[in-house]
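Just so you know, ligand 1 is whichever comes first in the structure, and atom 1 is the first atom listed for that ligand. One is the number of the first residue; the rest follow in order along the sequence.
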Amino acid sequence: MSKIIDGKLIAQNVKDNLKVKVAEFEKEYGRKITLAVVLVGENPASQVYVKNKIRATEYVGMKSLSFNLPENSTENEVSELIKSLSSDNSVDGILVQLPLPKHLDENKILALIPAEKDVDGFLAENVGNLMLGLPTTVACTPFGVLQMLKSENIDLVGKNAVVIGRSNIVGKPMAMLLLKENCTVTICHSKTQNLKEICKTADVLVAAIGRPKFVTADMVKEGAVVIDVGINRTENGLVGDVDFDAVKDIAGYISPVPGGVGPMTIAMLLENTYICAKRREN
Ligand code: GUN
């Protein structure tokens with residue numbers, strides 16, 4: 001029987017620590033840390049994420065600016081908003097909720113965000129800094145996974161870490177963070193051969209593939225740390241990438257869905273906003 005990693009509780013601790021730091025920032029610099037959130041269109045999942053992000057921003061004492069543009073906005077209209085937020089000195093962070101409507105070029109629009117306000121850690125400059133081990137903002141989900149591992153005092157040095165999924169938002173930065181922690185890292189993906197055998201070698205297994213219950217008990221080594229990044233909406237509700245009920249009897253640690261990585265992502269967004277604000281003042 002494994003220990004269940006309570007992401008909700010760890011995220012609450014991160015937010016409560018931030019609350020103190022945010023108040024100190026305001027006292028020292030005489031202004032509120034400000035996060036601008038841009039949502040284009042009416043994707044219901046994005047609306048929920050954005051609402052939760054705004055609520056959490058205000059919870060830690062930051063100012064939240066929220067912009068909801070219509071689905072049929074032109075690239076020019078979205079670009080003009082990002083440009084005005086970029087040049088607004090009172091704005092510390094800019095988050096453009098993804099996915100954008102299909103007619104908009106995501107890369108082109110994200111590239112308008114200055115690296116110093118990139119609270120998502122999505123920009124080439126920040127991804128490059130992560131690769132080089134330079135100060136940066138790291139994508140919130142993998143940053144949250146690392147925070148979970150640290151909160152549980154899991155020793156990562158020299159361990160075999162397997163990341164399933166190679167997305168720019170999760171898989172790639174996750175692998176880089178684990179490498180930085182001195183893990184031996186393998187990235188698996190849809191074309192990987194012998195995926196089951198490779199997963200079975202993992203001391204730390206991070207599942208970020210977006211397929212419900214993809215990781216089954218026979219893929220997990222006894223005592224492994226299993227982190228489930230999946231959020232799959234199925235007929236039976238929200239399901240992770242890990243077959244939780246079967247894997248929990250084998251793993252040493254396991255994160256549930258919901259209540260695992262999800263709440264951490266928002267907490268780390270706020271941590272990134274604080275990091276951006278501090279850096280802009282120094
Ligand atoms: N859509 C799904 N996850 C994310 C995220 O972490 N950041 C942004 N901006 N959009 C997302």
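- Ion pairing between Glu271 and Lys21 holds under the 4.0 Å rule for side-chain N and carboxylate O.
- Nearest protein neighbour of atom 11 (C) of ligand 1, counting heavy atoms only, is Gln97 NE2, 3.4 Å.
- Atom 3 (N) of ligand 1 is never approached by the protein to below 4.0 angstrom, counting heavy atoms only.
- Using a 4.0 Å heavy-atom cutoff, Phe122 is listed among the residues neighbouring ligand 1.
- Remark: Glu42 CD is loosely packed, at most 12 non-hydrogen atoms of other residues, nucleotides or ligands lying under 6.0 Å away.
- Although no hydrogens or angles enter the test, the distance criterion places no donor-acceptor pair under 3.5 Å between the side chain of Ser73 and the main chain of Val78.
- Side-chain contact between Leu156 and Leu146 is present, with heavy atoms from C-beta onward closer than 4.5 Å.
- Among protein heavy atoms, the minimum distance from atom 6 (O) of ligand 1 is reached at Asp120 OD1, 3.7 Å.
- Between Lys159 and Glu181 there is no salt bridge, since no side-chain nitrogen of the basic residue lies less than 4.0 Å from a carboxylate oxygen of the acidic one.
- Relative to atom 1 (N) of ligand 1, the option among Val96, Leu98, Leu39, Val119 with the closest non-hydrogen atom is Leu98.
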